[in-house]
Amino acid sequence: MRLTEDFFNRNAVTVARELLGKYLVRKIADKILSAKITEVEAYKGTEDLACHASKGLTPRTRVLFGPPGRTYVYLVYGMYHCLNFVAEKDGYPAGVLIRAVDIPGGSGPGRLCRLLDVAGEHNDLPVDNNFIWVEDRGGLVRSSQVTTTKRIGVEYAGVWADKPWRFVLSR
DNA sequence: GATAAGATCATCT
DNA sequence: GATGATCTTATCA
């Protein structure tokens, strides 16, 4: 079944952990693509220097402060997009970055968005949009399959860079 | 196999 | 004017 706002309206780290094993579904025209989520990272709060919201509420981060479950798509390094889902209650900035899904060549957030044709126009879509969403297909994820590590590419964030907020699903 | 550099632009200072 | 929640390609060993 499709995840609703309630799923995302919780601690961002919990949401990230539980997104593992769920299915990312992308609808392009009348074609449906779906893939199991295998790698995520949580970003939460204005104190988390690795989180975009640490800059405060700006036109760009406005989405993160909004209601949970919405999409947050942004451009990094001028050429790649990253796909996130907003977490926690309306007014609290947090999000979960989808780093990888279980499709050939789908590892890495940049490649993921290129393969699924996700770009800037998919930013700030509501939970019940008809383009991209997440489904729970009932598969159980054993804790022994989950690897927890620090987040990638955020060394500049000081102590926040060491937070174990990245979750990887192994086979 | 490993490391280095290049591409490229919205956002913030 | 500087800088990234990245990936690909080139060059070297």
Side-chain angles (χ1 to χ4, degrees), chain A residues 3 7-8 10-22 24 26 28 33 35-89 91-125 127 131-134 146-170:
Chain A
L3 299 185
F7 178 89
F8 296 97
R10 296 180 294 161
N11 184 298
V13 179
T14 302
V15 173
R17 165 65 183 75
E18 295 195 9
L19 274 175
L20 288 179
K22 299 289 189 293
L24 179 66
R26 170 81 172 99
I28 303 174
L33 287 175
K36 187 161 66 176
I37 297 171
T38 58
E39 189 177 343
V40 297
E41 284 179 9
Y43 290 85
K44 60 173 283 175
T46 50
E47 295 177 3
D48 177 6
L49 295 179
C51 180
H52 289 168
S54 65
K55 305 282 184 186
L57 202 165
T58 68
R60 182 206 202 188
T61 61
R62 196 190 71 249
V63 185
L64 286 172
F65 285 80
R70 300 178 77 93
T71 59
Y72 172 48
V73 178
Y74 69 94
L75 183 67
V76 272
Y77 302 122
M79 40 188 351
Y80 289 102
H81 293 277
C82 288
L83 171 64
N84 305 245
F85 286 98
V86 178
E88 309 225 12
K89 64 184 178 187
Y92 184 91
V96 177
L97 167 67
I98 307 299
R99 285 191 61 87
V101 297
D102 187 20
I103 51 178
S107 58
R111 297 185 84 193
L112 171 67
C113 288
R114 197 170 70 181
L115 285 169
L116 295 183
D117 192 27
V118 171
E121 66 261 32
H122 301 105
N123 187 32
D124 198 21
L125 295 175
V127 272
F131 298 94
I132 188 163
W133 65 90
V134 180
V146 178
T147 305
T148 305
T149 76
K150 55 200 281 191
R151 292 170 294 180
I152 302 296
V154 293
E155 291 302 320
Y156 65 88
V159 298
W160 296 95
D162 291 328
K163 296 286 178 185
W165 289 353
R166 172 170 174 251
F167 300 95
V168 182
L169 181 66
S170 53

**Prompt:** Under 5.5 Å between ring centres and under 30° between planes: does that hold for A:Y74 against the base of B:dA10?
**Reply:** no
**Prompt:** Under 4.0 Å between a side-chain N/O of A:R114 and OP1 or OP2 of C:dT6, yes or no?
**Reply:** no
**Phosphate contact (B:dT11 OP1 or OP2) by A:T58 side-chain N/O below 4.0 Å** = no
**Message:** Are the side chains of A:R60 and A:Y74 in contact, using a 4.5 Å heavy-atom criterion?
**Reply:** yes
**Request:** Taking only the side-chain nitrogens and oxygens of A:R166, find out if one of them lies under 4.0 Å from OP1 or OP2 of C:dA5.
**Result:** no
**Request:** Find the distance A:R60:CZ to C:dT3:C1' and express it as a whole number of Å.
**Result:** 11 Å
**Fill in**
Across every strand shown, the nucleotide meeting Watson-Crick or G-U wobble geometry with B:dT8 (both distances under 3.5 Å) is none
**G-U wobble or Watson-Crick pairing nucleotide for C:dA13 (cut-off 3.5 Å, both distances)** = none
**Fill in**
Atom CD of A:E39 and atom P of C:dA5 are separated, to the nearest Å, by 16 Å
**Message:** Is it the case that B:dA7 (base atoms only) and A:Y77 (side chain only) share a donor and an acceptor within less than 3.5 Å, ignoring hydrogens and angles?
**Reply:** no
**Prompt:** In whole Å, what is the span from the OH atom of A:Y72 to the C1' atom of B:dA10?
**Reply:** 10 Å
**Message:** Check whether A:F7 forms a cation-pi arrangement with A:R10 (NZ or CZ under 6.0 Å from the six-membered ring centre, at most 45° off the ring normal).
**Reply:** yes
**Request:** Report yes if a side-chain nitrogen or oxygen of A:Y80 is closer than 4.0 Å to either non-bridging phosphate oxygen (OP1 or OP2) of B:dC9; otherwise report no.
**Result:** no
**Message:** Any base atoms under 4.0 Å from A:R111, or only sugar-phosphate, or nothing? Heavy atoms, all strands.
**Reply:** sugar-phosphate
**Message:** Rounded to whole Å, please give me the gap between NZ in A:K44 and C1' in C:dA5.
**Reply:** 17 Å
**Item:** Euclidean distance, atom NE2 of residue A:H81 to atom P of B:dA10 [Å, nearest integer]
**Value:** 10 Å
**Prompt:** Given atom CG of A:L97 and atom P of C:dG4, what is their separation to the nearest angstrom?
**Reply:** 17 Å
**Fill in**
Rounded to whole Å, OH of A:Y156 lies from P of B:dC12 at a distance of 13 Å
**Asked** Quick check: does any side chain N or O of A:D124 sit under 3.5 Å from a backbone N or O of A:V63, one acting as donor and the other as acceptor?
**Response** no
